[in-house]
Amino acid sequence: MQFDYEAIVIGSGFGGAINACRLAKKWPGKVLVLERGKRYPMGSFPRTPHDMSNNFWNVVRDKQDHPKNAGSKEMFGLFDIRSFEHMDALVGAGLGGGSLIYANVFLEPPEHIFDHNWPASCKKDVLQPYYQTAKSVLGARPIPDQNAPRRKVLRTQLFEQFAKSDGRESELVDINVFFGNDFNQPTDIGVQQKNRYGALQTSCVYCAECDVGCNTHSKNTTDLNYLFVAENNYQAQINTMTLVEKIVPLNSSGDKDSYADGEFGYKVVWLDLNNDKQEVAATSKRVIVSAGTLGTNELLLRCRDLFKTLPNINQNLGLHFSGNGDFLSFVIDGDKPADPNYSPVITQKIDYNLYSDFKSGQAYILEDASFPNFASWYTEGIKPDVLHLSGLLRTLKALYQRFVRGAKTGRVGYTFSELLKNDAAYTTAVLLCMGIDNSAGEMKLDNRGFLNIQWPYKDNLPLYKAIMDMGKRFKTWVKAKAFLPMPNFLWPLRRNVTVHSLGGCKLADSPEKGVTSASVDSFGQVFGYQGLYVADGSLLPTAVGANPVATISALSERVAEGITGIQPDPNGDL
């Protein structure tokens with residue numbers, strides 16, 4: 001049979017980008033990548049209030065029947081925020097997928113995490129070569145030596161001191177951030193050069209804007225490595241603003257046939273968002289679904305239950321959802337500087353019974369976090385007027401001394417200093433935790449045919465309580481005015497927020513235990529279908545506690561190897 005492509009890859013995050021690159025190397029010019037979001041060239045991420053207000057994702061597929069809380073205004077921005085039962089989720093939309101907004105951390109979980117519900121072919125020692133490959137490509141390394149004044153990160157030192165006070169150890173983590181091509185001699189801050197794959201990047205400028213899109217391309221996002229090589233070296237075709245609607249198997253005559261098992265390929269149907277949602281389709285020998293955990297599960301559930309095009313996907317689809325124990329909180333206005341507006345968004349971790357002395361149900365890690373400068377200005381601006389009063393009085397006094405008494409200390413620069421000092425953000429610490437939740441969430445379609453998640457938050461309260469107890473100790477240690485979890489977790493809402501949605505297409509040795517095959521010769525292939533693969537966070541059988549990018553990438557490298565028969569280079573050559 002003649003196909004339009006040898007492979008169609010749906011999504012361009014870590015799983016999609018890895019498979020796009022590996023498959024395009026195998027079949028140059030015969031791989032199509034479909035990404036729902038836009039391209040983001042250097043300097044194109046929104047920053048103004050107007051542009052940020054439109055920087056969200058909301059596509060109304062049926063204007064007569066859309067979620068009431070979504071609104072009718074269509075937006076094709078970077079942030080896709082989903083609200084479910086006791087769980088909210090944030091995912092990225094754009095060429096590079098979640099890599100555009102992730103926190104850069106490349107962290108392998110401890111070996112014992114793989115002991116429960118992970119097939120033998122996915123144990124830590126088996127995955128180690130794939131971890132190494134992905135780490136090399138993504139350029140993971142700790143922040144450079146902090147002895148240079150501009151590279152000193154107060155927040156890192158603050159968390160190191162807290163760890164010691166709490167009987168723990170702080171350790172620098174590997175981050176996928178560009179500090180130049182030579183790890184031993186970092187390129188000066190702000191200097192641009194091409195990375196090893198030919199994409200132009202900037203040596204990190206320490207602006208703390210990693211999670212809102214890096215305008216200097218200092219983040220090692222997938223559009224600057226895997227996708228860059230796929231498109232420029234191996235002629236992969238990348239179509240953005242394409243929202244995939246359905247996957248339909250073909251029969252021996254090349255016709256759409258819901259009873260076919262993929263032996264004769266597939267037709268993928270998508271909406272062209274640049275052309276008033278015009279329906280477009282292409283055929284392919286194989287399809288790799290890498291739309292992220294939410295996108296992949298929603299697409300496959302809709303194909304199985306709504307369109308009936310993939311009816312043989314088993315009933316394990318959508319089960320074992322995990323938010324990876326994500327929990328965000330704030331320690332506000334302490335007596336020690338945190339300076340959360342400087343450096344990459346995460347620099348270190350503190351282990352709380354995840355790596356050592358594993359404590360089931362309460363195992364997590366604490367990472368420092370930062371937020372952009374403009375968020376501090378906003379926070380300062382919305383403070384109640386009474387909190388600005390002391391600064392205003394100091395400023396009026398300085399103006400009086402300058403213009404009435406002629407004091408030199410009353411010059412304009414000094415008055416601005418008096419007005420702006422005592423910024424609460426400077427002494428606010430952001431606590432980012434992730435751990436081992438029970439991975440017992442369930443994804444299924446609501447009555448409109450769109451994804452919903454049921455999350456058993458009560459069953460995970462011991463984990464959240466352990467995290468909050470640590471946050472309260474942090475507050476006491478820095479003598480802060482408040483410890484505040486994300487407000488939506490407070491009673492009576494009790495809603496978690498995750499940026500690490502996992503599960504639903506669990507790897508397993510048999511269809512009775514999962515959705516995708518863990519066998520070496522069909523790794524990641526959906527049970528019951530030939531040539532239909534999954535490669536993203538939905539493959540993970542359980543939470544991993546550590547930032548899951550490393551594990552998602554390792555598993556996706558293994559999926560690509562199974563499809564192409566080409567073993568990836570541990571040195572990162574693409």
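Please read these numbers as outputs of a predicted model, since none were measured by experiment.
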For [X], which residues count as a ring-ring contact (aromatic ring centres under 6.0 Å, His included) partner, sequence neighbours excluded?
X: Trp27; answer: none
X: Phe14; answer: Tyr102
X: Tyr40; answer: Phe45

Test side-chain contact (heavy atoms from CB on, under 4.5 Å) on Gln192 and Gln201 and set out the steps. CA-CA 6 Å; Gln192 292 185 336; Gln201 294 192 250; over 6 Å; no
Under 4.0 Å between a side-chain nitrogen and a carboxylate oxygen: does that hold for Asp339 and Arg155?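 Judged by the 4.0 Å cut-off on N to carboxylate O distance, Asp339 and Arg155 do not form a salt bridge.
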Salt-bridged, Lys164 to Asp166, with N to O below 4.0 Å?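 Not counted as a salt bridge, because no side-chain N and carboxylate O are separated by less than 4.0 Å.
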How many angstroms lie between atom [atom1] of [X] and atom [atom2] of [Y], to the nearest 0.5 angstrom?
X: Ile346; Y: Ile143; atom1: CD1; atom2: CD1; answer: 12.0 Å
X: Phe114; Y: Leu127; atom1: CZ; atom2: CG; answer: 6.0 Å
X: Ile365; Y: Arg168; atom1: CD1; atom2: CZ; answer: 13.0 Å
X: Glu209; Y: Phe371; atom1: CD; atom2: CZ; answer: 12.5 Å
X: Leu78; Y: Asn54; atom1: CG; atom2: CG; answer: 13.0 Å
X: Thr221; Y: Leu138; atom1: OG1; atom2: CG; answer: 9.5 Å

Determine, for Trp477 and Lys336, whether the Lys NZ or Arg CZ falls below 6.0 Å from the six-membered ring centre while staying within 45 degrees of the axis.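 Relative to the ring axis of Trp477, which defines the angle, Lys336 lies inside both limits.
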Does anything in [range] pair up under salt bridge (charged side-chain N to carboxylate O under 4.0 Å, His left out), and if so which pairs, sequence neighbours excluded?
range: residues 136-149; answer: none
range: residues 6-31; answer: Glu6-Arg286, Arg22-Glu557
range: residues 534-547; answer: none

Kindly say whether the aromatic ring centers of [X] and [Y] come within a distance under 6.0 Å.
X: Tyr197; Y: Phe228; value: no
X: Phe76; Y: Trp57; value: yes
X: Phe159; Y: Phe474; value: yes

So which atom in [X] and which in [Y] form the shortest heavy-atom distance, rounded to 0.1 Å?
X: Ala230; Y: Ala24; result: O-CB, 4.3 Å
X: Ala535; Y: Ser290; result: O-OG, 2.9 Å
X: Ile113; Y: Phe358; result: CD1-CE1, 4.0 Å
X: Pro344; Y: Val177; result: CB-CG2, 4.4 Å
X: Val331; Y: Ala480; result: CG1-CB, 3.4 Å
X: Met434; Y: Gly545; result: CG-O, 2.7 Å

Could you tell me whether a side-chain N or O of [X] sits under 3.5 Å from a main-chain N or O of [Y], the two making a donor and an acceptor?
X: Thr222; Y: Ala17; value: no
X: Asp368; Y: Gln348; value: yes
X: Lys123; Y: Trp118; value: yes
X: Asn324; Y: Asp326; value: no

With sequence neighbours left out, what residues match [X] under salt bridge (Lys or Arg N to Asp or Glu O under 4.0 Å)?
X: Glu171; answer: Lys349
X: Asp569; answer: none
X: Glu231; answer: Arg39
X: Lys124; answer: Glu108

How about [X] and [Y]: do any of their side-chain heavy atoms sit closer than 4.5 Å?
X: Tyr533; Y: Val559; result: yes
X: Asn176; Y: Lys135; result: no
X: Asn233; Y: Leu574; result: no
X: Ile288; Y: Ile8; result: no
X: Thr202; Y: Met42; result: yes

For side-chain contact (heavy atoms from CB on, under 4.5 Å), just list the numbers for Leu366 and Phe327, CA-CA rounded to whole Å, side-chain angles, deciding distance to a tenth of an Å, and then say yes or no. CA-CA 10 Å; Leu366 166 64; Phe327 199 94; over 6 Å; no
From CA spacing to verdict: side-chain contact (heavy atoms from CB on, under 4.5 Å), Leu200, His217: CA-CA 8 Å; Leu200 184 65; His217 276 185; over 6 Å; no
Counting only heavy atoms not in Asp357, do more than 12 sit closer than 6.0 Å to its CG atom?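 Open: at most 12 neighbouring heavy atoms sit under 6.0 Å from CG of Asp357.
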Check whether more than 12 heavy atoms from other residues, nucleotides or ligands sit under 6.0 Å from atom CD of Glu169, and answer yes or no.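 For Glu169, atom CD is not crowded (no more than 12 foreign heavy atoms under 6.0 Å).
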Determine whether Thr156 and Gln146 satisfy the following criterion, side-chain contact (heavy atoms from CB on, under 4.5 Å), listing intermediate values before the conclusion. CA-CA 10 Å; Thr156 307; Gln146 297 184 67; 3.7 Å; yes
Would you list the atom pairs, donor with acceptor, under 3.5 Å between side chains in residues 546-555 and any protein atom, with sequence neighbours excluded?
from, atom 1, to, atom 2, distance (Å)
Asn547, ND2, Glu367, OE1, 3.3
Thr551, OG1, Tyr131, OH, 2.7
Ser553, OG, Val549, O, 2.8

Please identify which of these residues, Leu354, Leu463, Ile436, Asp437, meets the side-chain contact (heavy atoms from CB on, under 4.5 Å) condition with Tyr364.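 Testing Tyr364 for a side-chain contact (heavy atoms from CB on, under 4.5 Å) against Leu354, Leu463, Ile436, Asp437 leaves exactly one candidate, Leu463.
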Check the pair Asp272 / Thr242 against side-chain hydrogen bond (donor to acceptor under 3.5 Å, both in side chains), numbers first and verdict last. CA-CA 5 Å; Asp272 183 352; Thr242 56; over 6 Å; no
Donor on one side chain, acceptor on other, [X] and [Y], under 3.5 Å:
X: Thr48; Y: Asp51; value: yes
X: Ser12; Y: Glu35; value: yes
X: Ser136; Y: Asn571; value: no
X: Lys219; Y: Asn104; value: yes

For Asp115, what residues pass the side-chain contact (heavy atoms from CB on, under 4.5 Å) criterion, not counting sequence neighbours?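 With neighbours one apart ignored, the set is His112.
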